[in-house]
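Below: the structure, in structure tokens.
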Amino acid sequence: MYRRTGFRHMGNLSIKLLGKDIKNPVMNASGTLGYGKEITRLWNIETLGVYVTKGLSIKPHHGNPPPRVWEEKQGMINSIGLQNVGIECFFSEYFPFFKKKKTPVIVNFFGFTEEEYVACARMIEPHPLIIALEMNLSCPNIKKGGISFGKEAGGVYDIVRKVKAVTEIPVIAKLTPEVKDIVEIARAAYEGGADGFTLINTMPVLALDREKRLPVFRGGFSGPALKPIALKAVYSVYKEVPVPIIGAGGIIDYKDAIDFFTAGATAIQVGTATFIDPYSIPKIIQGIKDHMKEYRISTIEDITGCAHE
Amino acid sequence: MYRRTGFRHMGNLSIKLLGKDIKNPVMNASGTLGYGKEITRLWNIETLGVYVTKGLSIKPHHGNPPPRVWEEKQGMINSIGLQNVGIECFFSEYFPFFKKKKTPVIVNFFGFTEEEYVACARMIEPHPLIIALEMNLSCPNIKKGGISFGKEAGGVYDIVRKVKAVTEIPVIAKLTPEVKDIVEIARAAYEGGADGFTLINTMPVLALDREKRLPVFRGGFSGPALKPIALKAVYSVYKEVPVPIIGAGGIIDYKDAIDFFTAGATAIQVGTATFIDPYSIPKIIQGIKDHMKEYRISTIEDITGCAHE
Amino acid sequence: MDDVQGIVVENSRVVTGYYLITIRLVKSFGKVLPGQFVMLRIPRNTVFLRRPFSIYNYKTRLLSIMYKVVGIGTEALSTLHRDEKVYVLGPLGRGFKKSARRKAILIAGGIGIAGLHLLAKELRQRAVIYFGCESKKEVALLYDLREEMNIYVSTMDGTYGYKGTVVDLLKNRLETIPYNKMEIYACGPEPMLKALKNIIGDIRISCQILVEERMACGLGLCFGCVKKTMDEKEPYKRLCTEGPVFDIWEISL
Amino acid sequence: MDDVQGIVVENSRVVTGYYLITIRLVKSFGKVLPGQFVMLRIPRNTVFLRRPFSIYNYKTRLLSIMYKVVGIGTEALSTLHRDEKVYVLGPLGRGFKKSARRKAILIAGGIGIAGLHLLAKELRQRAVIYFGCESKKEVALLYDLREEMNIYVSTMDGTYGYKGTVVDLLKNRLETIPYNKMEIYACGPEPMLKALKNIIGDIRISCQILVEERMACGLGLCFGCVKKTMDEKEPYKRLCTEGPVFDIWEISL
Ligand SMILES: Cc1cc2nc3c(=O)[nH]c(=O)nc-3n(C[C@H](O)[C@H](O)[C@H](O)COP(=O)(O)OP(=O)(O)OC[C@H]3O[C@@H](n4cnc5c(N)ncnc54)[C@H](O)[C@@H]3O)c2cc1C
Ligand SMILES: Cc1cc2nc3c(=O)[nH]c(=O)nc-3n(C[C@H](O)[C@H](O)[C@H](O)COP(=O)(O)OP(=O)(O)OC[C@H]3O[C@@H](n4cnc5c(N)ncnc54)[C@H](O)[C@@H]3O)c2cc1C
Ligand SMILES: Cc1cc2nc3c(=O)[nH]c(=O)nc-3n(C[C@H](O)[C@H](O)[C@H](O)COP(=O)(O)O)c2cc1C
Ligand SMILES: Cc1cc2nc3c(=O)[nH]c(=O)nc-3n(C[C@H](O)[C@H](O)[C@H](O)COP(=O)(O)O)c2cc1C
Ligand code: FES
Ligand code: FES
């Protein structure tokens with residue numbers, strides 16, 4: 001399945017993403033690594049290729065009442081409700097830490113109206129460490145009866161174009177899997193100006209409590225159960241849009257990561273796996289490196305999309 | 001969560017489905033119990049509330065080359081490719097067995113054009129044991145570039161209406177989860193005349209083989225990983241269409257079955273679970289019965305949809 | 001703090017439905033504070049997420065947890081054998097804040113005793129325990145504390161000690177308590193904590209409570225484990241990092 | 001045929017990467033035919049689907065399976081201890097058809113020997129085995145057959161017996177074989193079966209092969225385990241019900 005590579009140095013993890021050199025292709029998924037500092041009790045934040053922020057909004061957001069997490073077989077459901085400190089606070093209180101650690105950041109953000117997305121993008125100043133803005137398009141559009149922004153090609157095109165118009169920072173569209181055809185949505189985002197994609201966000205689902213604590217629990221499904229859906233999204237979008245894809249959804253070990261690269265991902269994000277094993281990210285980075293050496297792969301680029309050949 | 005019931009006999013499993021009395025609410029999912037006879041080495045076919053046929057077509061269909069099954073975490077992917085003996089052969093060779101055993105049958109069928117669906121429906125004669133025709137709407141429409149019939153509300157409305165026009169047998173629409181909003185599709189099918197729903201079919205996904213045997217494996221994802229998605233579909237459609245819903249997707253034990261009833265299902269189908277434990281169906285039936293006795297539930301109807309209250 | 005491998009040394013039933021597991025860690029935890037907890041990875045893939053448990057006891061790499069079987073995870077836990085491997089992330093969260101001089105009342109409801117055990121062991125004669133449970137059999141959960149401390153017991157069915165809730169028992173005796181020299185530590189079901197909050201509403205007594213919520217990470221990463229606070233500016237606080245011990249007046253019960 | 005619970009009696013390594021597991025069933029299988037298989041549910045939730053394995057031996061509720069570690073399921077299987085519970089669905093499929101009088105040539109490639117072992121034990125002196133493998137160490141897979149039968153061995157690296165494939169070895173000796181009085185039974189990787197089909201293309205010799213494919217149910221329910229046949233009317237046949245033993249001319253290799 002792999003292309004032959006020459007005699008170059010094997011196992012070079014660095015990638016080029018949106019014009020920047022990134023030391024490895026592994027990021028956390030938004031909302032699964034707090035504000036960054038929390039994990040440093042276990043490993044250095046510099047371990048990450050890129051830190052992806054918790055979803056940020058114009059103003060602080062309190063989120064949903066508990067319970068907020070639910071267990072499923074090989075997956076979990078969350079209804080955190082986008083609790084966050086807001087963009088301003090993030091940049092005054094948490095961003096300095098990443099500056100100190102010289103760790104690149106992707107800023108994940110959201111809104112409940114187009115205007116809010118645009119306002120968020122305006123609030124974020126370019127900085128050499130900010131690789132991109134990641135638009136969480138799974139949010140409900142309160143002006144359209146609460147239907148998520150990411151579901152209609154037309155709406156996606158509009159909102160991406162408006163955000164692109166107000167920022168110099170590259171814009172990544174993060175798409176929801178609850179669509180008829182993710183390629184159609186990706187194309188619309190690309191035409192709107194998206195510089196890249198993160199595929200995919202959680203799947204909207206529901207669980208029932210036979211013990212009544214909360215009869216119906218709604219939320220986003222993540223973890224290994226989501227992987228085949230995520231992998232299909234990456235594979236399908238890869239050939240149709242000429243911009244980088246960051247793969248996310250159910251990646252639990254380096255083998256999953258390799259699957260996403262070969263399907264077409266330039267980089268990957270690890271979310272739920274960190275809750276099961278907080279060392280998942282460093283282990284995946286090491287696993288990719290070892291795999292590349294074993295199979296004599298010199299760079300991630302050499303295998304990106306090779307399943308299409 | 002349960003409504004109080006009176007002093008009636010507890011644990012009565014029989015249900016009323018599309019005007020017929022069915023002795024219990026548990027069916028196999030189409031394509032997961034062969035032609036019926038195979039399982040009788042382990043248990044009697046009369047155990048089933050209803051036997052659902054393998055997907056049938058006008059003519060025999062050979063299906064896809066192997067490999068046809070793939071393992072995932074808490075789920076599997078199949079690409080059987082709808083291999084089947086055809087409607088004619090089914091009725092001459094296999095249906096007499098169900099007649100002998102007095103076991104009600106739902107006939108699952110498919111086509112690659114609207115005309116084929118209509119032709120299938122015409123071929124199937126009404127019979128007291130035939131409860132319904134189950135239209136598998138996940139099939140690719142070859143006249144529309146291979147996009148599955150079940151994805152567009154307009155197309156679903158048309159095809160259901162055309163099928164309804166040629167048959168007196170009740171028609172159940174079986175929907176694909178790969179849609180933007182399953183409620184919208186269900187409404188269209190209902191307006192087209194659908195007498196009921198089966199929710200859901202497998203999720204189209206993809207897997208990669210690091211060992212190269214077949215670099216990309218495409219197919220339908222089933223099993224426990226699908227349950228939260230299926231449960232959400234049943235819950236969402238229940239309040240929006242006034243016809244019975246048969247729940248399917250990841251049901252592995254009686255607890256899952258109860259979840260589907262409370263979400264709004266009148267009956268359920270068990271698919272992949274049978275491959276893991278071939279006694280899943282009899283065990284689920286017994287489990288439902290015991291649960292009903294324990295919680296003093298007299299009929300399934302008493303709990304159908306009770307999570308909405 | 002680390003994710004440490006451990007080997008099950010013993011996993012025995014205390015009384016029907018309740019177990020005490022002892023795990024030998026391959027690496028030391030360092031300092032453990034009463035009220036802190038661990039995230040246990042239950043082996044054999046029966047459950048997906050880790051489960052939080054209070055540190056019942058910890059001494060030179062021997063960790064113990066007392067637990068009640070309430071669902072699939074604790075059920076699976078109860079079947080672990082000697083020598084099976086587990087992974088233990090900890091010690092996590094903020095423990096109880098102890099004042100050096102004051103006396104303490106420890107109030108536990110049922111398995112809530114597991115969250116107070118280490119504290120009781122440290123406070124010894126400085127503390128008295130009020131323990132409430134359903135019935136006589138659960139008095140066994142007091143285990144080694146029975147010999148070491150002053151304990152008042154209430155049971156719901158009256159089969160042992162005072163008949164009624166533990167908070168009622170405390171209320172009855174409240175006059176006898178010099179509460180300006182005391183502080184309260186409590187752990188138990190929410191109705192117990194609510195009742196407690198009610199009876200101490202008037203008196204100025206310091207009261208720390210150990211609360212529970214479903215968790216995913218235990219590390220402050222997911223914001224999944226919040227409790228509602230009384231603070232409008234920060235209405236939800238993470239139990240795993242800002243808790244699991246809170247001042248009773250901080251939390252909306 | 002039933003899904004029978006079993007208890008692991010022994011699970012030992014034959015040689016690096018290959019194991020022999022013996023399971024005591026709580027209920028008898030009844031009659032077992034050589035070439036039949038079981039669907040084993042591997043405990044501890046490591047894999048989702050059951051795995052198919054040939055019945056290596058079966059006698060009074062003692063079932064054994066010889067297996068090669070090739071992926072996560074067989075890896076997990078190799079770590080099972082004595083006394084662990086497994087579920088075994090079987091006996092499944094159609095076994096080999098034996099003619100009462102003719103002599104037999106058994107051709108096995110590597111772990112393919114596991115599919116022929118029971119047949120060899122029944123045919124004994126009426127059969128001769130051609131066994132091909134990578135290297136000397138795998139000759140250990142012949143196990144108890146070494147003492148009981150006539151065996152010709154080939155290794156790819158020449159460290160034992162003939163150097164080359166087992167089909168080449170057979171081809172070299174084909175003249176010496178009175179094939180009108182013989183029949184062939186073969187089990188091994190597809191390239192071996194293909195090569196075999198080629199060399200016996202001209203001679204009229206009955207040849208049954210045991211083939212493999214991924215399975216889900218093992219019961220004929222899912223149509224997941226098909227092989228391509230030579231029959232245009234029925235181009236895909238289920239291995240678990242119409243096989244796993246087929247006439248070599250029936251299957252498209
Ligand atoms: C900081 C902390 C310390 C704890 N210490 C102990 C202890 O020392 N001993 C002990 O027995 N238990 C303790 N618990 C509770 C313990 O975590 C849960 O009982 C356990 O996670 C249930 O797992 P399960 O798989 O058996 O239950 P599940 O099958 O997941 O659920 C069964 C029931 O338990 C409830 N439940 C699930 N998880 C939690 C949770 N985290 N908190 C409260 N309720 C829950 C569910 O809502 C459900 O009703 C503690 C919880 C926390 C947060
Ligand atoms: C009728 C039959 C009898 C068999 N008898 C034996 C036996 O006696 N001893 C033995 O060691 N093996 C036997 N096999 C093969 C055995 O089933 C597979 O090796 C096993 O299922 C692999 O499981 P795994 O989880 O380790 O591999 P996986 O991780 O699932 O896959 C690893 C590799 O093995 C391949 N593979 C997976 N399943 C099968 C399969 N069913 N058939 C062929 N290749 C597969 C995959 O394509 C992949 O390349 C038999 C197979 C069949 C169909
Ligand atoms: C607890 C939790 C919080 C999340 N918060 C966000 C968020 O704020 N913004 C966002 O775009 N995605 C969020 N996600 C989605 C993840 O970033 C990721 O897309 C998804 O979980 C799939 O990856 P995984 O299976 O590796 O977890 C969250 C996921 C979880 C589990
Ligand atoms: C092997 C296999 C074959 C299937 N064949 C059909 C089919 O022919 N027609 C159909 O409508 N659904 C088919 N399905 C889908 C199932 O009927 C069911 O909707 C799906 O598997 C989800 O249920 P489960 O998780 O219980 O398996 C098939 C599923 C599997 C696993
Ligand atoms: S459990 Fe994840 S933040 Fe507390
Ligand atoms: S494995 Fe299911 S039909 Fe053969």
Side-chain angles (χ1 to χ4, degrees), chain B residues 28-43 54-55 60-85 209-211 213-214 217 219 222-225 252 270-283, chain D residues 1-5 30 38-43 45-52 70-74 76 87-93 189-190 211-229 231-243 251-253:
Chain B
N28 63 293
S30 173
T32 65
L33 207 69
Y35 290 108
K37 254 184 188 153
E38 294 90 341
I39 198 66
T40 58
R41 286 190 284 171
L42 295 167
W43 42 268
K54 225 177 133 36
H61 208 75
H62 298 323
N64 293 337
R68 289 181 170 188
V69 293
W70 199 272
E71 176 165 288
E72 289 289 336
K73 285 162 188 142
Q74 287 295 310
M76 63 175 278
I77 311 177
N78 86 76
S79 83
I80 309 301
L82 297 164
Q83 173 171 358
N84 80 91
V85 295
D209 193 348
R210 283 175 293 270
E211 311 296 335
R213 189 168 174 209
L214 196 85
F217 185 85
S222 64
I252 209 125
V270 179
T272 305
T274 298
F275 307 158
I276 313 302
D277 177 357
Y279 288 99
S280 295
I281 287 177
K283 283 180 186 167
Chain D
M1 204 260 323
D2 204 352
D3 192 20
V4 183
Q5 194 189 300
V38 297
M39 291 296 282
L40 191 69
R41 185 163 180 182
I42 299 172
N45 299 309
T46 28
V47 292
F48 182 65
L49 296 169
R50 287 174 179 244
R51 296 289 191 268
V70 299
I72 50 167
T74 44
Y87 282 85
V88 194
L89 181 66
L92 299 165
E190 263 199 40
V211 293
E212 297 189 0
E213 191 43 76
R214 292 188 179 221
M215 289 188 174
C217 70
L219 289 166
L221 309 173
C222 72
F223 285 73
C225 62
V226 299
K227 275 283 174 200
K228 183 111 179 64
T229 69
D231 179 358
E232 274 182 24
K233 287 234 179 88
E234 203 186 342
Y236 295 117
K237 280 196 177 171
R238 282 171 301 187
L239 201 139
C240 68
T241 31
E242 280 87 52
I251 296 298
S252 157
L253 285 167

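Reminder, nothing fancy here: chain letters follow the sequence lines and each chain counts from 1. Only heavy atoms go into these numbers, but all of them, side chains included; no hydrogens, no water, no symmetry mates.
Applying a 4.5 Å heavy-atom cutoff, the residues of residues 273-280 of chain B that approach chain D are B/T274, B/F275, B/I276, B/D277, B/P278, B/Y279.
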Set out, in order, the CA-CA distance, both residues' side-chain angles and the distance that settles side chain to side chain contact (heavy atoms under 4.5 Å, CB included) for D/M215 and B/V69, then state yes or no. CA-CA 7 Å; D/M215 289 188 174; B/V69 293; 5.8 Å; no

Quick one, B/E72 with D/F48, criterion side chain to side chain contact (heavy atoms under 4.5 Å, CB included). Give me CA distance, side-chain angles, the key distance, then yes/no. CA-CA 7 Å; B/E72 289 289 336; D/F48 182 65; over 6 Å; no

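Atom NE2 of B/H62 sits about 9.0 Å away from atom OG1 of D/T229, to the nearest 0.5 Å.
D/L89 touches chain B through its side chain: at least one heavy atom from C-beta onward sits under 4.5 Å away, while N, CA, C and O do not. Residue B/N64 touches chain D through its backbone alone, counting heavy-atom pairs closer than 4.5 Å. Heavy atoms of D/T46 lying under 4.5 Å from chain B are absent altogether. Proximity to chain B is absent for every atom of D/M39, based on heavy atoms less than 4.5 angstrom apart. For B/K54, the part sitting under 4.5 Å from any heavy atom of chain D is the side chain, from C-beta outward, and nothing else.
When the side-chain hydrogen bond (donor to acceptor under 3.5 Å, both in side chains) test is applied to D/E234, no partner is found at least two apart in sequence or on another chain. By the ring-ring contact (aromatic ring centres under 6.0 Å, His included) test, D/F223 pairs with B/Y35, sequence neighbours left out.
Side-chain contact between B/I39 and D/L221: present, with at least one pair of heavy atoms (C-beta onward) separated by less than 4.5 Å.
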Validation: residues 75-84 of chain B side-chain donor-acceptor distances under 3.5 Å, sequence neighbours left out:
unit_1, atom_1, unit_2, atom_2, d
B/N78, OD1, B/I80, N, 3.3
B/Q83, OE1, B/R68, NH1, 2.6
B/Q83, OE1, B/R68, NH2, 2.9
B/Q83, NE2, D/Y236, O, 3.4
B/N84, OD1, B/S57, N, 3.2
B/N84, OD1, B/G86, N, 2.6
B/N84, ND2, B/G55, O, 3.4
B/N84, ND2, B/S57, OG, 2.9
B/N84, ND2, B/L82, O, 3.0

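Of all the heavy atoms in D/I72 and B/E71, the pair that sits closest is CD1-OE2, 4.2 Å.
Ranked by heavy-atom pairs under 4.5 Å with chain D, the first of B/G31, B/P60, B/G271 is B/G31.
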